[in-house]
Number of protein chains: 2
Amino acid sequence: MIISQNDIRTRFKAQGLKVTPQRAAIYKALAETTSHPTAEALFQQVAKDYPMISPNTVYYTLSTLKNVGLVKEVNYWHDRTRFDANVTPHHHLICLDCRAIFDIEDRSLNQIRQKAKIPKDFQVLSHQVEFYGYCSSCQKAQARQPSSSSRHSHIQSTRRKP
Amino acid sequence: MIISQNDIRTRFKAQGLKVTPQRAAIYKALAETTSHPTAEALFQQVAKDYPMISPNTVYYTLSTLKNVGLVKEVNYWHDRTRFDANVTPHHHLICLDCRAIFDIEDRSLNQIRQKAKIPKDFQVLSHQVEFYGYCSSCQKAQARQPSSSSRHSHIQSTRRKP
DNA sequence: ATCCTTGTTAGGAATCATTCTTATATAGCA
DNA sequence: TGCTATATAAGAATGATTCCTAACAAGGAT
Ligand SMILES: [Mn+2]
Ligand SMILES: [Mn+2]
Ligand SMILES: [Zn+2]
Ligand SMILES: [Zn+2]
């Protein structure tokens, strides 16, 4: 999903943010992927065009964008933090093997709050549904190699928490 | 909810785990609270009875118990990892202010998987619903002090990620 | 009851994602 | 074209978790 510099400019201005090349590049990279990348992955991506960018800038920028509501943090299944520029309410599929995160487009899941039996003294503002299982790639890989795992494409799982 | 040494022994044996005092104490502490504590909190609790216990043992033990299915990890809203000895499918309320985690007992939430529109090539094994908002304590605190936050009981949020 | 084997524990060091600090640079406005 | 508040970059610091290793101790076997 391509996003124009003008859209980026408009969104930043609307939030009172300066439009810098690094910030625009980070947001663009995040907005144009569906992979819910880590800060590190975004750093790698943006560094292709801005070799001098620092990881720090990516962290700072993501934090800023989060504060103004242009970005959401996602941190499922004890992985490092992952980010999403899709800030409309939606839900996720998480692969237990490769840890890929996929969007679900099912508006009906946005309604469960109305029916759920929630203690009346808790004020609910939002909710989130996550489905855990195996993506199609990982199912195939397991059929072939019914032992360990996580050896194919997607986002890679850089060790930590085996 | 009290749990007897015999229950603990039985559950450990059923999983082929040795029954050590430290391990039993950690599991007991977790099973008898509803607070979804951190490893650190469990360490503090167990250290009352076992002053020589190391944080390492708590991490190792929780990892072991998780591997055999006696404990679940919970890691909502970019906090450090929290643990739950309630391994039956259930869902959570998370306070955005004090970060307390409360169980929801609503079996109907266990059924949403059947109705949800999930890509047929993704094999779903489990799902999880989280509701975010403010607990009653925090609502009261905000009514009093409509500024910052997180200044009352519950589990405490030890800095990190303000 | 005692011995053995193997999983467990404790302590300390190491890892590494994230945050903090600070000096320099620059977007946006007068 | 300058001013000023923000943003960036580099490096150090933080802190939860993991790794490593030697000493311990359940629990089955003798
Ligand atoms: Mn998403
Ligand atoms: Mn729970
Ligand atoms: Zn997968
Ligand atoms: Zn609260």
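Note on naming: letters A, B, ... go to the chains in the order of the sequence lines (proteins, then strands), and numbering restarts at 1 for each one.
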Donor-acceptor check, side chain of [X] to backbone of [Y], threshold 3.5 angstrom: yes or no?
{"X": "Gln123(B)", "Y": "Cys135(A)", "value": "no"}
{"X": "His91(A)", "Y": "Val129(A)", "value": "yes"}
{"X": "Arg82(A)", "Y": "His36(A)", "value": "yes"}
{"X": "Asn75(A)", "Y": "Trp77(B)", "value": "no"}

Member of Phe131(A), Phe102(A), Tyr76(A), Tyr132(A) meeting the ring-ring contact (aromatic ring centres under 6.0 Å, His included) criterion with His92(A) = Tyr76(A)
Under 4.0 Å: is that the gap between some side-chain N or O of [X] and OP1 or OP2 of [N]?
{"X": "Thr61(B)", "N": "dT8(C)", "value": "no"}
{"X": "Gln22(B)", "N": "dA25(D)", "value": "no"}
{"X": "Thr81(B)", "N": "dT17(D)", "value": "yes"}

message = Whether the Asn110(B) and His127(B) side chains hold a donor-acceptor pair (N or O, under 3.5 Å, no angle test) is what I'd like checked.
response = no
key: Shortest non-hydrogen contact from Ser126(A) toward Arg113(A)   = CA-NH2, 3.7 Å
Could you go through residues 59-70 of chain B and list every donor-acceptor pair under 3.5 Å that involves a side-chain atom there, pairing it with any protein atom two or more places apart or in another chain?
| from | atom 1 | to | atom 2 | distance (Å) |
| --- | --- | --- | --- | --- |
| Thr61(B) | OG1 | Thr57(B) | O | 2.6 |
| Thr64(B) | OG1 | Tyr60(B) | O | 2.9 |
| Asn67(B) | ND2 | Ser63(B) | O | 3.3 |

Bend angle of the helix from dA1(C)-dT30(D) to dA30(C)-dT1(D), end axes from five pairs each (to 10°) = 30°
I'd like a table of atom pairs between the protein and nucleotides 27-29 of chain D - only N or O on both sides, under 3.5 Å - with the distance next to each one.
| from | atom 1 | to | atom 2 | distance (Å) |
| --- | --- | --- | --- | --- |
| dG27(D) | OP1 | Val19(B) | N | 2.8 |

note = From CG of Asn56(B) across to P of dA23(D) the rounded distance in Å is 17 Å
Length of the CZ-P vector between Phe43(B) and dA16(D), whole Å = 12 Å
query = Counting side-chain heavy atoms from C-beta on, which of dG11(D), dC20(D), dT8(C) comes nearest to Arg23(B)?
reply = dT8(C)
task = Measure from the side chain of Ala39(B), starting at C-beta and using heavy atoms only, and say which of dT17(D), dG11(C), dT18(C) lies closest.
result = dT17(D)
